[in-house]
Amino acid sequence: MIDVRSDTVTQPTKEMREAAFSCPVGDDVYRDDPTVNRLEKRAAEILGKEAALFLTSGTQSNQTAIMTWTNRGDEIIVSDSAHICGHEVGAVAVLSGANMRTLHFGDGMPDCAMIEEAICEEDIHCPVTGLICLENALANGRVVPVSVMREIYEMAGKHKIPVHLDGARCFNAAVSLGVDVKEITRYADSVSCCLSKGLCAPVGSVLAGSREFIERARKNRKLLGGGMRQAGILAAPALIAIEEMPKRLHEDHDNAKRLAEGLARIPGIICNPDVVEINMVFFQIEREKRVWKGYPEYLLEHGVKVNGDRQGMFRMVTNADVTKEDIDVILRFTEDYLTGA
């Protein structure tokens, strides 16, 4: 099967599997697991922070950060298209008792002036703005320039409001921008980074920030059921993911561009290769609904897994298990489908 549903479907490498089998382990709640300790130390160094914490997922990482930064009744400012807003099961309200002030940005690109205007002033009627949440890369596959990150971070500092970065694909963003990932993460007080998407680890995310923040976050992770025992078995492949796998992300980006350019040449497909900045390709089929509704089923019959549309928009995500030849297969079957439909 060729699987372009997401980069979460990546398989751990042979080296990751061997590392998981042979690594030393201990009880991580006691902080006795040497492999977890090594991962957290290296993650902090790579992300440019004082300390880091290993968690099971991006959602757990983001929600641990929000719980650590906010008090019950606080408000967080977040894009209405952000993962924290739309894809974390309403956890901000359930777990932190916080409110989301959602802002709509054109193309999802955060606007510093809009964010500043949304900050609640001291008023008995209003919640306290406790946190600003950003993403990079964005859920639509675009990348936020470093200058925008800096502008928002400096504005937030003026208001004494912390900034959390959902950097699930921050390494993709760094590769796209041609910078070290630290150039992005330096403009956030905490950052969550997913290791099980394009970096191919089987499980896990890391949360990084100041030592004091991570100590408080560790307790909230425990509250959320994230205190793991011999977690080195998971941390060993995660360590390979964060140290080695960012070096190959440009291959996924190149394949995504190849896919987008090929789709754009197929009559009946609406796709703009110029907006493909990481490993995500969005497109529409310019035909009646009965035609594009059958597209995923057709591809599945021919060995390609793709998610269904969302309001007529399809997304394909290239990853370590998708080759240039696989891209050509997807393009051939897409053209065949539209020709025969």
Side-chain angles (χ1 to χ4, degrees), residues 5-8 28-29 43 47 49 52-105 108 110 115 118-120 126-140 144 152 156 161-170 185 188-197 201-210 213-228 231 234 238 307 310 315:
R5 292 172 298 173
S6 175
D7 42 10
T8 61
D28 181 47
V29 174
L47 295 171
K49 300 299 180 185
L53 186 66
F54 185 44
L55 300 102
T56 60
S57 71
T59 294
Q60 188 182 66
S61 184
N62 282 331
Q63 295 306 319
T64 297
I66 293 168
M67 290 180 72
T68 305
W69 284 123
T70 62
N71 297 309
R72 295 187 71 81
D74 281 359
E75 185 169 83
I76 70 170
I77 296 175
V78 63
S79 168
D80 62 2
S81 62
H83 193 277
I84 285 171
C85 176
H87 291 87
E88 298 192 4
V89 209
V92 172
V94 175
L95 300 174
S96 296
N99 181 54
M100 286 189 285
R101 173 68 66 92
T102 57
L103 302 181
H104 181 73
F105 303 118
I115 294 172
I119 293 172
C120 292
C126 300
V128 172
T129 301
L131 184 65
I132 295 169
C133 294
L134 300 177
E135 274 187 339
N136 206 5
L138 300 172
N140 62 6
V144 181
I152 295 170
I161 299 172
V163 174
H164 171 67
L165 174 63
D166 178 0
R169 296 183 177 90
C170 61
T185 60
D189 297 290
S190 62
V191 56
S192 172
C193 171
C194 187
L195 306 177
S196 62
K197 289 189 170 76
V203 174
S205 288
V206 288
L207 177 64
S210 70
F213 168 81
I214 291 298
E215 282 306 305
R216 290 188 289 123
R218 188 178 294 275
K219 189 166 187 176
N220 285 329
R221 182 189 70 169
K222 176 68 173 175
L223 186 153
L224 293 175
M228 297 179 283
L234 301 177
N307 286 326
R310 178 169 294 181
R315 184 191 80 165

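Since we're looking at a predicted model, the values are computed, not measured. When a residue number appears, it is its place in the shown sequence, counting from 1.
In this structure, the separation between CG on Leu195 and OG on Ser57 is 11.5 Å, given to the nearest 0.5 Å. Atom CD1 of Ile214 and atom NZ of Lys219 lie 16.0 Å apart (nearest 0.5 Å). The CD1 atom of Ile115 sits 5.5 Å away from atom CG of Leu134, with the distance rounded to the nearest 0.5 Å. The distance from the CD1 atom of Ile132 to the CD1 atom of Ile77 is 5.0 Å, given to the nearest 0.5 Å. Note that CZ of Arg72 is 9.5 Å distant from CG of Leu95, once rounded to the nearest 0.5 Å. For the atom pair Arg221 CZ and Met67 CE, the distance stands at 13.5 Å (nearest 0.5 Å).
The two residues Ser81 and Ala139 make their nearest non-hydrogen contact at O-CB, 3.8 Å. Ser61 and Leu207 get closest at one heavy-atom pair: OG-CB, 3.4 Å. Counting all heavy atoms, side chain and backbone alike, Gly130 lies closest to Asp74 at CA-OD2, 4.0 Å. When all heavy atoms of Arg310 and His87 are compared, the closest pair comes out as NH1-NE2, 3.4 Å. Counting all heavy atoms, side chain and backbone alike, Ser192 lies closest to His164 at N-CE1, 3.7 Å. In this structure, Ser96 and Ile66 approach most closely via the heavy-atom pair OG-CG2, 3.7 Å.
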Steps toward side-chain contact (heavy atoms from CB on, under 4.5 Å) verdict (Ile119, Ile161): CA-CA 9 Å; Ile119 293 172; Ile161 299 172; 3.7 Å; yes
side-chain contact (heavy atoms from CB on, under 4.5 Å) between Ser79 and Leu103, worked out: CA-CA 5 Å; Ser79 168; Leu103 302 181; 5.9 Å; no
Pair Leu53-Val206, side-chain contact (heavy atoms from CB on, under 4.5 Å): steps then yes or no: CA-CA 5 Å; Leu53 186 66; Val206 288; over 6 Å; no
Verdict with supporting geometry, Val128 and Glu75, side-chain contact (heavy atoms from CB on, under 4.5 Å): CA-CA 6 Å; Val128 172; Glu75 185 169 83; over 6 Å; no
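Residues Phe54 and Asp28 have side chains not in contact (no heavy-atom distance under 4.5 Å, counting atoms from C-beta outward). Contact check for Asn62 versus Thr64: no side-chain heavy atoms found under the 4.5 Å cut-off. In this structure, the side chains of Cys120 and Pro127 come closer than 4.5 Å at one or more pairs of heavy atoms. Residues Pro110 and Val144 are in side-chain contact: their nearest non-hydrogen atoms beyond the backbone lie under 4.5 Å apart.
Put simply, the side chain of Arg5 never gets that close to the backbone of Asn307: no donor and acceptor are under 3.5 Å apart. Without hydrogens or angle criteria, Gln60 side chain to Thr56 main chain gives a donor-acceptor distance under 3.5 Å. Between the side chain of Ser205 and the main chain of Leu55, no donor-acceptor pair closer than 3.5 Å is present. Panel note: side chain Ser190, backbone Ala65; no donor-acceptor pair is recorded below 3.5 Å. Between the Lys49 side chain and the Val191 main chain, no donor and acceptor come within less than 3.5 Å of each other. Here the side chain of Asp189 pairs a donor or acceptor atom with the backbone of Val163 at under 3.5 angstrom. Panel note: side chain Arg218, backbone Val29; no donor-acceptor pair is recorded below 3.5 Å.
Using a 4.0 Å cut-off between a side-chain N of Lys or Arg and a carboxylate O of Asp or Glu, Asp80 and Arg101 do not qualify as a salt bridge.
Remark: the Glu135 side chain and the His83 side chain contain no N/O donor-acceptor pair separated by less than 3.5 Å. Defined by atom type and a distance below 3.5 Å, a donor-acceptor pair is present between the side-chain atoms of Asn220 and Thr68.
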